[in-house]
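Only one structure is covered here, and it is reproduced in the block below.
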Amino acid sequence: MKEIYYIYNNEAIASCVFLAVLDRLKTLDIARSCLVLPFLLDDRTVKYLSVNQNNELTLEQMRKDKPLLFTSFNKRYLSLLPITVNSLMILSKSNQIGIGKDIYIVNDILPIYNSMMGERLDRIIGIVPLFLSLISNYSTKQLYKLLNIQL
């Protein structure tokens with residue numbers, strides 16, 4: 001099962017997801033970057049956010065409506081941590097991003113996403129703005145507490 005999960009959630013798609021997030025934010029703190037993949041690479045979460053894109057949605061509302069999305073969040077967090085680190089290192093070594101106190105865009109010319117990159121990536125990129133608005137009202141510390149991340 002772990003091999004299948006790794007093949008499905010790999011550094012290639014994770015790198016594209018990070019570029020889509022950074023394209024909107026320009027900078028992202030390292031601890032917060034570790035929360036991106038557990039949200040955006042989970043098909044159930046992506047589907048829920050896609051369906052509720054036009055609604056006023058908060059993280060608390062989401063936890064109330066779909067508690068099962070959060071029961072395995074810590075497990076997803078830990079499973080995707082190596083992919084997060086590897087993806088960020090790939091992007092750093094290819095001079096797409098810089099990593100210091102925060103992660104930031106080095107090259108302003110980011111790849112253009114199109115349907116040739118796959119339906120799954122299209123769905124994920126489509127909800128990036130909603131995802132970012134969901135987490136923008138919280139500090140990184142609050143997010144880790146709210147999501148019950150156990151380090």
Side-chain angles (χ1 to χ4, degrees), residues 1-2 5-6 8-108 110-111 113 120-151:
M1 177 66 184
K2 192 168 188 149
Y5 188 74
Y6 179 77
Y8 190 66
N9 295 309
N10 58 59
E11 284 84 355
I13 194 164
S15 295
C16 291
V17 169
F18 279 121
L19 289 175
V21 168
L22 286 167
D23 188 37
R24 292 202 174 263
L25 291 179
K26 306 303 180 210
T27 63
L28 181 66
D29 77 65
I30 293 171
R32 189 172 282 240
S33 74
C34 296
L35 300 174
V36 170
L37 297 183
F39 268 102
L40 295 178
L41 293 186
D42 182 62
D43 291 335
R44 299 167 303 158
T45 304
V46 170
K47 183 178 179 181
Y48 177 81
L49 291 174
S50 295
V51 169
N52 291 288
Q53 232 171 352
N54 297 325
N55 300 339
E56 290 290 323
L57 193 61
T58 64
L59 212 46
E60 286 88 1
Q61 174 84 32
M62 198 173 157
R63 283 185 58 126
K64 185 177 156 188
D65 290 350
K66 291 288 188 179
L68 290 177
L69 295 178
F70 296 94
T71 55
S72 64
F73 193 88
N74 191 63
K75 184 178 178 183
R76 290 194 316 263
Y77 174 89
L78 293 172
S79 295
L80 291 168
L81 206 50
I83 295 172
T84 297
V85 171
N86 289 343
S87 299
L88 293 173
M89 291 309 298
I90 288 168
L91 292 171
S92 176
K93 295 288 184 189
S94 65
N95 293 320
Q96 293 293 309
I97 64 168
I99 302 174
K101 183 180 177 214
D102 291 325
I103 299 165
Y104 55 93
I105 295 174
V106 170
N107 185 353
D108 284 338
L110 294 177
Y113 304 100
R120 182 174 182 221
L121 187 58
D122 284 344
R123 285 191 302 273
I124 293 169
I125 290 172
I127 62 151
V128 164
L130 177 58
F131 165 70
L132 294 175
S133 72
L134 278 175
I135 66 168
S136 67
N137 297 326
Y138 302 94
S139 70
T140 303
K141 185 177 179 178
Q142 289 172 318
L143 284 170
Y144 271 72
K145 192 172 184 177
L146 184 66
L147 298 168
N148 296 320
I149 301 297
Q150 299 169 1
L151 300 174

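- Between I103 atom CD1 and Q96 atom CD the span is 14.0 Å, to the nearest 0.5 Å.
- Taking the six-membered ring for Trp and the full ring otherwise, the centers of Y144 and Y138 sit at least 6.0 Å from each other.
- Between I97 and L19, the closest heavy-atom pair is CG2-CD2, 4.4 Å.
- A heavy-atom distance below 4.5 Å is found between the side chains of Y48 and L57.
- Pairing each heavy atom of T58 with each of Q61, the nearest pair is OG1-N, 3.0 Å.
- A pairwise comparison of heavy atoms in L28 and L22 identifies CB-CD2, 3.8 Å as the closest pair.
- Considering all non-hydrogen atoms of both residues, V46 and L40 come closest at CG2-O, 3.4 Å.
- The NZ atom of K26 sits 14.5 Å away from the CG atom of D102 when rounded to the nearest 0.5 Å.
- Note: T84 OG1 to L35 CG = 9.0 Å, rounded to the nearest 0.5 Å.
- Note that OG of S79 is 11.5 Å distant from CG of L41, once rounded to the nearest 0.5 Å.
- At a threshold of 4.5 Å between non-hydrogen side-chain atoms, the residues Y77 and L147 do not count as touching.
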(request) Show the numbers, then the answer: is there a side chain to side chain contact (heavy atoms under 4.5 Å, CB included) between Q142 and S139? (result) CA-CA 5 Å; Q142 289 172 318; S139 70; 3.2 Å; yes

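- Annotation for M62 and L69: closest pair CE-CD1, 4.1 Å, computed over non-hydrogen atoms.
- At a threshold of 4.5 Å between non-hydrogen side-chain atoms, the residues F73 and L78 do not count as touching.
- No side-chain heavy atom of N86 sits less than 4.5 Å from a side-chain heavy atom of N10.
- To the nearest 0.5 Å, atom OG of residue S72 and atom NZ of residue K75 are 7.5 Å apart.
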(request) Kindly determine whether I105 and L25 satisfy side chain to side chain contact (heavy atoms under 4.5 Å, CB included), including the steps that lead there. (result) CA-CA 9 Å; I105 295 174; L25 291 179; over 6 Å; no

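- Between L81 and C34 the shortest heavy-atom distance is CD1-SG, 3.6 Å.
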(message) One pair to check against side chain to side chain contact (heavy atoms under 4.5 Å, CB included): F131 and V36. What are the steps and the verdict?
(response) CA-CA 9 Å; F131 165 70; V36 170; 4.2 Å; yes

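- Rounded to the nearest 0.5 Å, atoms NZ (K64) and CD (E60) are 11.0 Å apart.
- Using a 4.5 Å heavy-atom cutoff, the side chains of N148 and N74 are not in contact.
- Under the 3.5 Å distance criterion, the side-chain polar atoms of S92 are left unmatched by any main-chain donor or acceptor of M89.
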(request) Step by step, work out the side chain to side chain contact (heavy atoms under 4.5 Å, CB included) result for Y104 and I99. (result) CA-CA 7 Å; Y104 55 93; I99 302 174; over 6 Å; no

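- Checked against L49 for a side chain to side chain contact (heavy atoms under 4.5 Å, CB included), the options D42, I124, I127 give a single hit: I127.
- Around the CZ atom of R24, the shell of radius 6.0 Å holds no more than 12 heavy atoms that belong to other residues, nucleotides or ligands.
- Here D29 does not pair with K101 in a salt bridge; the nearest charged N to carboxylate O distance is not below 4.0 Å.
- Between the side chain of R32 and the main chain of I135, a donor-acceptor pair closer than 3.5 Å is present.
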